[in-house]
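This report concerns only the one structure given below.
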There are 2 protein chains.
Amino acid sequence: METLNEKHAKVFKALCDEKRLHILELLRNGDNCACELLENIDIGQSSLSYHMKILVESGIVESRQEGKWTHYKISEQGSSNAIHLLRELTSTNCTGKKEN
Amino acid sequence: METLNEKHAKVFKALCDEKRLHILELLRNGDNCACELLENIDIGQSSLSYHMKILVESGIVESRQEGKWTHYKISEQGSSNAIHLLRELTSTNCTGKKEN
DNA sequence: ATATCATATTGACAAAATTTGATTTGATGT
DNA sequence: ACATCAAATCAAATTTTGTCAATATGATAT
């Protein structure tokens with residue numbers, strides 16, 4: 001079974017790798033198919049596929065099949081969730097017993 | 001030399017590990033010294049020290065020495081920076097040429 | 001059915017992250 | 001100076017990630 005922290009860690013795992021941040025950068029300009037991404041980044045095809053899977057599983061990127069192509073884009077919903085999660089994880093709990 | 005993406009990745013590296021999320025959880029209730037954290041989490045002393053270093057280097061946690069104790073707390077500044085960074089990294093670029 | 005193209009999956013390997021136990025450092029107390 | 005405690009650092013062992021090449025899958029076209 002997956003703990004809540006493990007689930008949360010997955011969201012940020014998407015963002016803790018240089019290559020994946022590069023991919024996000026490419027996606028920021030809009031919808032891209034994998035083949036386009038592949039042209040703009042220095043990794044092999046299977047490696048790209050591996051990273052895209054991590055990005056999609058984090059929820060930050062969504063994919064859409066179109067014929068034999070897979071298109072990717074940044075998910076507004078997913079990004080928004082990630083931002084809220086980060087805010088929650090780092091918010092100091094003002095009702096806690098231990099303020100000094 | 002460190003690329004910008006590598007620098008950004010470091011911020012999220014702090015958050016992509018289950019144990020570090022647990023530590024953040026403990027810190028949310030207020031300022032804690034390492035020895036207190038150690039009592040509340042199932043890892044060894046050197047391992048905790050390793051994770052604290054990563055958290056501090058990300059900017060999300062700050063440390064303060066007091067005698068022989070090190071106290072840690074979540075940094076408002078650092079958290080805020082991380083949130084802004086995340087927002088930036090996932091914002092879709094509306095002036096881009098490729099909207100469909 | 002066969003061929004082709006885009007992408008996903010697999011297994012082997014290399015590289016990076018994490019854990020562990022031992023040792024070191026630095027502050028404090030006697 | 002010596003002992004003690006908290007935390008950091010180091011080296012070795014282990015685990016997890018990421019890369020590459022090969023292969024599989026699934027859609028499309030002939």
Side-chain angles (χ1 to χ4, degrees), chain A residues 1-3 5-27 30-58 60-73 100, chain B residues 1-3 5-27 30-58 60-73 100:
Chain A
M1 208 232 357
E2 189 183 46
T3 69
N5 279 340
E6 276 168 348
K7 203 179 108 189
H8 291 167
K10 261 188 196 166
V11 174
F12 301 105
K13 206 156 271 176
L15 304 162
C16 73
D17 177 86
E18 200 204 339
K19 299 281 173 59
R20 289 193 286 271
L21 291 183
H22 188 177
I23 293 168
L24 275 183
E25 229 171 271
L26 296 174
L27 291 180
D31 199 325
N32 279 283
C33 85
C35 54
E36 272 179 284
L37 293 170
L38 202 48
E39 281 172 9
N40 291 300
I41 191 170
D42 189 32
I43 52 177
Q45 182 268 320
S46 65
S47 192
L48 176 65
S49 181
Y50 166 75
H51 287 302
M52 296 321 292
K53 191 173 185 175
I54 291 174
L55 285 165
V56 169
E57 281 177 351
S58 78
I60 290 173
V61 169
E62 47 187 310
S63 67
R64 163 173 57 88
Q65 216 65 28
E66 206 167 282
K68 38 183 176 175
W69 295 277
T70 311
H71 290 257
Y72 296 98
K73 67 174 171 184
N100 22 12
Chain B
M1 206 233 358
E2 190 183 46
T3 69
N5 279 341
E6 277 168 348
K7 203 179 107 188
H8 291 167
K10 261 188 198 165
V11 175
F12 300 105
K13 206 156 271 177
L15 304 162
C16 75
D17 177 86
E18 200 204 337
K19 299 282 173 59
R20 290 193 285 272
L21 291 184
H22 188 177
I23 293 168
L24 275 183
E25 228 171 272
L26 297 173
L27 291 179
D31 200 325
N32 280 281
C33 86
C35 53
E36 272 179 284
L37 293 171
L38 204 46
E39 281 171 9
N40 292 299
I41 191 171
D42 188 33
I43 53 177
Q45 182 269 319
S46 66
S47 192
L48 176 65
S49 182
Y50 166 75
H51 287 301
M52 295 320 293
K53 191 173 185 177
I54 291 176
L55 284 165
V56 168
E57 281 177 352
S58 78
I60 290 173
V61 169
E62 47 188 310
S63 68
R64 161 174 58 87
Q65 216 64 29
E66 207 167 282
K68 39 185 177 173
W69 294 277
T70 312
H71 291 257
Y72 296 98
K73 67 173 172 183
N100 24 13

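The structure presented is a predicted model; accordingly, all values stated were derived computationally and were not measured. Worth knowing before you read on, the calculation uses all heavy atoms, side chains too, and leaves out hydrogens, waters and symmetry mates. Quick note on labels: first sequence line is chain A, next is B, and so on, each numbered from 1.
- Rounded to whole Å, atom C1' of dT17(D) lies 14 Å from atom NZ of K53(A).
- Looking at E62(A) and R64(A), no side-chain N of the basic residue comes within less than 4.0 Å of a carboxylate O on the acidic one, giving no salt bridge.
- Nucleic acid contact class of Q65(A) (heavy atoms, under 4.0 Å, all strands): none.
- Taking all atoms of both residues into account, the shortest heavy-atom contact from A14(A) to I54(A) is CA-CG2, 4.1 Å.
- Nucleotide dA7(D) holds its P atom 15 Å from the CD1 atom of I41(B), rounded to whole Å.
- Comparing S47(B) and R20(A) against DNA chain D, the residue whose closest nucleotide sits nearer the 5' end is S47(B).
- Dashed line: the shortest gap from a side-chain N or O of H51(B) to OP1 or OP2 of dT19(C) is under 4.0 Å.
- Between the CG atom of L48(B) and the C1' atom of dT19(C) there is a distance of 13 Å, given to the nearest Å.
- The interatomic distance linking I43(A) (CD1) with dC20(D) (C1') rounds to 12 Å, in whole Å.
- Between the side chain of N32(A) and the backbone N or O of L26(A) there is at least one donor-acceptor pair closer than 3.5 Å.
- Along DNA chain D, the nucleotide nearest S46(B) and the nucleotide nearest E66(A) are compared for position; the residue whose nucleotide lies closer to the 5' end is S46(B).
- Distance CD1 (I23(B)) to C1' (dA7(D)): 14 Å, rounded to an integer number of Å.
- Within 4.0 Å (heavy atoms only), S49(A) reaches at least one base atom of the nucleic acid.
- For Q45(B) against dA8(D), a side-chain N or O and a base N or O form a donor-acceptor pair under 3.5 Å.
- Put simply, K19(B) has a side-chain N or O that comes within less than 4.0 Å of OP1 or OP2 on dT19(C).
- Note on T70(A): only backbone sugar-phosphate atoms sit closer than 4.0 angstrom, heavy atoms only; bases stay farther off.
- Of the candidates dT18(C), dA8(D), dT9(C), dT18(C) carries the atom nearest the D17(B) side chain, counting heavy atoms from C-beta on.
- Spacing between atom NZ of K68(A) and atom P of dT4(C) amounts to 11 Å, rounded to whole angstrom units.
- Considering CD of E18(A) and OG1 of T3(B), their distance stands at 4.5 Å, rounded to 0.5 Å.
- When rounded to the nearest whole Å, the span between CD of E6(B) and C1' of dA16(C) equals 13 Å.
- At whole-Å resolution of the value, CG in D42(B) and C1' in dT18(C) are 14 Å apart.
- A donor-acceptor pair under 3.5 Å is formed between the side chain of E36(B) and the backbone N or O of C33(B).
- Nearer to the 5' terminus of DNA chain C, by closest-nucleotide assignment, is the contact made by H71(A) (compared with the other of G44(B) and H71(A)).
- Between dT17(D) and K13(A), a contact under 4.0 Å exists linking OP1 or OP2 to a side-chain N or O.
- Across all strands, L37(A) comes closer than 4.0 Å to no nucleic acid atom at all (heavy-atom distances).
- The side chain of A34(A) approaches dT7(C) more closely than any other nucleotide in the set dT18(C), dA7(D), dT7(C).
- Taking CD of E39(B) as the reference point, atom SG of C35(B) lies at 6.5 Å (rounded to 0.5 Å).
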